[in-house]
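Just so it is clear, the values below take in all heavy atoms, side chains as well, and ignore hydrogens, waters and symmetry mates. Every chain is numbered from 1, with letters handed out A, B, ... down the list of sequences.
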There are 2 protein chains.
Amino acid sequence: MPKRTSHEDASCTVARPLDAIGDGWSLLIIRDAFDGLRRFGEFQRNLGLAKNILSARLQNLVTHGILRTVPAGDGSPYQEYVLTEKGRGLFPVLVALRQWSEEHFFGPEESRTRLVDAQDGQPLPPLRILSHDGRELGPEDTTPITHNGDS
Amino acid sequence: MPKRTSHEDASCTVARPLDAIGDGWSLLIIRDAFDGLRRFGEFQRNLGLAKNILSARLQNLVTHGILRTVPAGDGSPYQEYVLTEKGRGLFPVLVALRQWSEEHFFGPEESRTRLVDAQDGQPLPPLRILSHDGRELGPEDTTPITHNGDS
DNA sequence: TGAGGTGGTTGCAAAGTGAAACCGCAATCA
DNA sequence: TGATTGCGGTTTCACTTTGCAACCACCTCA
């Protein structure tokens with residue numbers, strides 16, 4: 001996590017969430033959480049990261065309200081980490097990232113893990129950014145404005 | 001950028017792009033590039049990061065094919081950094097991240113920078129994940145599979 | 001009792017980050 | 001002509017973070 005002491009961190013909607021998920025591990029933990037992993041040991045085995053790092057990342061995700069700890073699960077005396085509603089809101093971000101990655105980081109013959117429709121196994125079509133009246137918008141069709149909160 | 005020497009980095013469509021954009025600065029640089037910034041000094045002034053860090057991040061984004069350098073622009077003897085097609089493909093990721101951030105990191109009264117439709121100034125409606133036949137999909141409606149490249 | 005699994009914390013070495021200084025180049029100014 | 005400034009970096013060095021390994025506390029089961 002960089003320092004970002006600049007003047008630009010206050011109102012930018014990109015900068016602020018990066019404190020929560022901007023490091024290299026958090027999004028992988030969240031992806032695993034979407035895949036149903038809940039236990040410390042599951043995350044650690046699946047990701048192969050050091051336990052102290054995992055511990056710090058889980059704490060950070062909990063304090064940011066993305067994961068929360070629930071007391072048990074099965075009879076074990078330990079806790080589990082599950083996505084909050086805020087954490088589940090990251091689903092479109094992960095889908096967008098996966099689609100971009102599939103398109104640009106993998107060759108057509110290369111094996112990869114992809115997300116498919118659970119009902120019929122069909123791959124997800126590419127995300128589209130639509131305006132309120134249904135036009136498809138590209139990067140040049142949008143503009144950033146400073147919004148005051150009132151409106 | 002974490003090490004990720006684990007067995008899971010090879011085929012995961014989330015892990016691989018994080019080498020390119022997984023640090024705390026790269027997405028901010030890319031957002032600025034979408035906003036039209038092109039020059040080293042523009043990025044540095046706008047983000048307030050150290051010049052060596054900016055230099056390293058720009059190099060990394062160039063080697064990953066997200067930005068490319070173009071020789072001039074105006075008459076100046078310097079180079080500019082512009083998004084490649086691959087870089088422009090990150091637009092849905094940024095939109096998804098902004099929408100999640102607006103919803104969960106900002107109070108209703110809090111001032112923030114948001115993205116609006118350039119044509120009519122209307123805010124972008126929330127992204128929806130749709131199946132190939134138009135059903136809206138949530139996290140529990142999808143499942144990850146290992147895809148072999150052939151099909 | 002003690003052997004093993006789970007969920008961490010603690011050292012410590014190595015790598016990464018960041019502020020400031022420095023540097024080469026070109027255009028500008030005196 | 002010689003000095004100055006701005007741009008685009010690179011170098012230096014103190015500081016922070018990461019990651020491996022060891023250790024530890026707790027519980028279960030034999």
Peer 1: What are the two closest non-hydrogen atoms of Pro17(A) and Trp100(B), and how far apart are they?
Peer 2: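 The answer is CB-CZ3, 3.5 Å.
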
Peer 1: Identify all pairs in which a protein N or O lies below 3.5 Å from an N or O of nucleotides 10-17 of chain C, and state each distance.
Peer 2:
residue : atom : partner  : partner atom : Å
dG11(C) : O6   : Asn52(A) : ND2          : 3.4
dT17(C) : OP1  : Arg57(B) : NH2          : 2.9
dT17(C) : OP2  : Arg57(B) : NH2          : 3.1

Peer 1: Compare every heavy atom of Phe105(A) with every heavy atom of Arg16(B), then report the nearest pair and how far apart it is.
Peer 2: NH1-O, 3.0 Å

Peer 1: Taking atom P of dT18(D) as reference, at what distance in whole Å does atom CG of Asp19(B) sit?
Peer 2: 15 Å

Peer 1: Using a distance-only test with no angle check, is there a side-chain donor-acceptor pair under 3.5 angstrom linking Gln119(B) and Arg135(A)?
Peer 2: yes

Peer 1: Rounding to an integer number of Å, can you tell me how far Leu47(B) CG sits from dA19(C) P?
Peer 2: 13 Å

Peer 1: I'd like to know whether Arg68(A) forms a salt bridge (Lys or Arg N to Asp or Glu O under 4.0 Å) with Glu85(A), so could you lay out the CA-CA distance, the side-chain angles of the two residues, the decisive distance to 0.1 Å, and finally the verdict.
Peer 2: CA-CA 10 Å; Arg68(A) 72 173 195 279; Glu85(A) 195 52 38; over 6 Å; no

Peer 1: Let me have a per-nucleotide readout for nucleotides 3-9 of chain D, 5' to 3', with B, S or -, counting only protein heavy atoms under 4.0 Å.
Peer 2: ---BBBB

Peer 1: Is there a donor in the side chain of Asp120(B) and an acceptor in the side chain of His132(A), or the other way round, less than 3.5 Å apart?
Peer 2: yes

Peer 1: Return the 5'-most residue of the pair Ala50(A), Pro77(A) with respect to DNA chain D, ranking by each residue's nearest nucleotide.
Peer 2: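 Per heavy-atom nearest nucleotide, the more 5' residue is Ala50(A).
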
Peer 1: I'd like to know whether the aromatic ring centres of Phe40(A) and Tyr78(A) sit less than 6.0 Å apart in this structure.
Peer 2: no

Peer 1: Regarding Ser76(B) and Arg39(B), is there a side-chain donor-to-acceptor distance under 3.5 Å anywhere?
Peer 2: yes

Peer 1: Testing the 3.5 Å rule here: is there a donor-acceptor pair between the side chains of Asn52(A) and Ser55(A)?
Peer 2: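 The answer is no; no qualifying pair exists.
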
Peer 1: To the nearest angstrom, how far is Leu54(A) atom CG from dA21(D) atom P?
Peer 2: 17 Å

